[in-house]
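Notes follow once the structure below has been shown.
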Amino acid sequence: MNDTFAPATGIGSLPGHDAREAARTATGSFEDFPFLAELPARGPGADMIGRTAGMLVELYARVEPSGWRLGDRPGRDTKRARAWLGEDLDALEEFTQGYEGPLKVQAVGPWTLAAALELRNGEAVLSDPGACRDLAASLAEGLRLHLAEIRRRVPGARPVLQLDEPSLTAVLRGQIRTASGYRTHRAVDRQAVEATLREVAGVHDDGPVVVHSCAPDVPFALLRRAGVAGVSFDFSLLTERDDDAIGEAVEGGTRLFAGVVPGTDTALSDPAGSVMGVRTLWRRLGLRPELLAEAVTVTPACGLAGASPEYARRALAHCVRAASSLADNPE
């Protein structure tokens, strides 16, 4: 059994504004794979882009009407993002006293960040290859410091770094719109995308990196080549076109974080029903059933920021029960 991961965990975001309540939920729901909760409902700086922008080293961002824009010095938006992250870390530390095992932390990956952050001229960082390189280097250094802080606060933790890359496929296909909205930015060369992901993932050279995207057509093969240990995705968006890439990923030792539990309020099926599609995929690929528990971590389909607090708690508990069903009855 691969003890780097565990059978179930969350994606990252939760509803509400209370850091202690979120930490209690994230650690209490997953006793063997908790995560650092994110609370975007608090506003700019708690959103995924602003939170990660606050981690950058020697690059600063502020909120403009069009979104987050790089500036010359840390302003109130950067300070607010860092203060909220500090609050979340304090709460996590409180609820992980004595914890030993995998602990997941999330940040936006270099390509989604480059597509979302604006340069001073209002265009995305994505429009300037040099700016993309600078951003990736700043992000890598920020993540290095963030992981060191996690280890300091939770000494028994084995950090798992999740890079959120919902825009990755759009970057590869040249589908990110320019500031005017009339054109799109040129597709970025796949080798450049892969090299940058490898560089940023390389800051966590003593632990696993997972890339998460709840967009369609996740580039499994590219992510494997970039050296990530796991890929997190919305299982409902898979098509049979993905079969070969997924089969190769599993056989190559890549962990699948299968998002099978809906991220917004709905009636939940029985736990076995939630993972039925995973079993079907396994049979279609001709993979050994006993590999299931070693290769799959069950998660919500995406973050739970848009859910009610009560549903979010139920969804996380449902992930644990669905993972148990998969382990107990792999066939």
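Side chains included, hydrogens not; waters and symmetry mates left out as well; all remaining heavy atoms used.
A 4.5 Å side-chain heavy-atom check between F235 and V296 finds every atom pair outside the cut-off. Using a 4.5 Å cut-off on side-chain heavy atoms (C-beta onward), V211 and V231 make no contact. When side chains are defined from C-beta on, W68 counts as touching V63, because their heavy atoms get closer than 4.5 Å. R69 has its side chain out of reach of L119: every pair of non-hydrogen atoms, C-beta onward, lies at least 4.5 Å apart.
For the residue pair T299 and T9, no side-chain donor N or O sits within less than 3.5 Å of a side-chain acceptor on the partner. No side-chain donor-acceptor contact under 3.5 Å links H185 and T178. A donor-acceptor pair shorter than 3.5 Å can be found between the side chains of T112 and E165.
The two residues A91 and A19 have their closest heavy-atom pair at CB-O, 3.6 Å. The nearest pair of heavy atoms linking L163 to G109 is CB-CA, 4.1 Å. Taking every heavy atom of both residues into account, Q162 and D164 meet most closely at NE2-OD1, 2.7 Å. D242 and L237 make their closest contact through OD2-O, 4.4 Å (heavy atoms, listed as atom of the first residue, atom of the second, distance). Counting all heavy atoms, side chain and backbone alike, Q97 lies closest to E94 at CG-O, 3.5 Å. Taking all atoms of both residues into account, the shortest heavy-atom contact from A37 to A22 is CB-CB, 3.7 Å.
Each of L143, L139, L145 was compared with V57 under the side-chain contact (heavy atoms from CB on, under 4.5 Å) criterion, and only L145 meets it.
Residues meeting the side chain to side chain donor-acceptor pair (under 3.5 Å) test with E240, sequence neighbours left out: none. Taking the side chain to side chain donor-acceptor pair (under 3.5 Å) definition, one finds that Q106 meets it with E38, K104, sequence neighbours left out.
Note on residues 288-321: pairs passing disulfide (SG to SG under 2.5 Å), not counting sequence neighbours, are C214-C302. Applying the disulfide (SG to SG under 2.5 Å) test to residues at least two apart or on different chains, none of the pairs has a partner in residues 36-118. Note on residues 123-141: pairs passing salt bridge (charged side-chain N to carboxylate O under 4.0 Å, His left out), not counting sequence neighbours, are E141-R144. Applying the salt bridge (charged side-chain N to carboxylate O under 4.0 Å, His left out) test to pairs two or more places apart or on separate chains, those with a residue in residues 53-64 are R62-E64.
Salt-bridge annotation for D270 and R321: absent, with no side-chain N of the basic residue lying under 4.0 Å from a carboxylate O of the acidic one. Salt-bridge annotation for E194 and R190: absent, with no side-chain N of the basic residue lying under 4.0 Å from a carboxylate O of the acidic one. Salt bridge R24/D18: absent, no basic N to carboxylate O contact under 4.0 Å. Ion pair D265/R314 not flagged as a salt bridge, since none of the NZ, NE, NH1 or NH2 atoms sits closer than 4.0 Å to an Asp/Glu carboxylate oxygen. Of the charged side-chain nitrogens involved, none lies within less than 4.0 Å of a carboxylate oxygen, so that D90 and R20 do not count as a salt-bridged pair. R42 and D47 are not joined by a salt bridge, as no carboxylate oxygen comes within less than 4.0 angstrom of a charged side-chain nitrogen.
Under the 4.5 Å side-chain contact rule for hydrophobic residues, V210 and V203 do not share a cluster. Under a hydrophobic clustering in which Ile, Leu, Val, Met, Phe, Trp and Tyr are joined whenever their side-chain heavy atoms come within less than 4.5 Å, directly or via other members, L222 and I246 fall into the same cluster. There is no path of hydrophobic side-chain contacts, each under 4.5 Å, that joins L56 to W84. Under the 4.5 Å side-chain heavy-atom criterion for Ile, Leu, Val, Met, Phe, Trp and Tyr, L36 and F30 are members of the same hydrophobic cluster. Connection of L161 to I11 is not established within any shared hydrophobic cluster, with ILVMFWY side chains joined at heavy-atom distances below 4.5 Å, either directly or through further cluster members.
Remark: the backbone N or O of V193 is paired with a side-chain donor or acceptor of W111 at under 3.5 angstrom. Panel note: side chain T184, backbone Q175; no donor-acceptor pair is recorded below 3.5 Å.
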Stepwise, does the salt bridge (charged side-chain N to carboxylate O under 4.0 Å, His left out) test hold for D206 with R158?
CA-CA 9 Å; D206 58 347; R158 298 193 301 275; over 6 Å; no
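Note that CZ of R313 and OG of S308 are 8.0 Å apart. Values are rounded to the nearest 0.5 Å.
Within a 6.0 Å radius of CZ in R76, other residues, nucleotides and ligands contribute 12 heavy atoms or fewer. More than 12 heavy atoms of other residues, nucleotides or ligands shown are found within 6.0 angstrom of CZ on R283.
Ring geometry for F257 versus F33: interplanar angle over 60°, hence perpendicular rather than tilted (30 to 60°).
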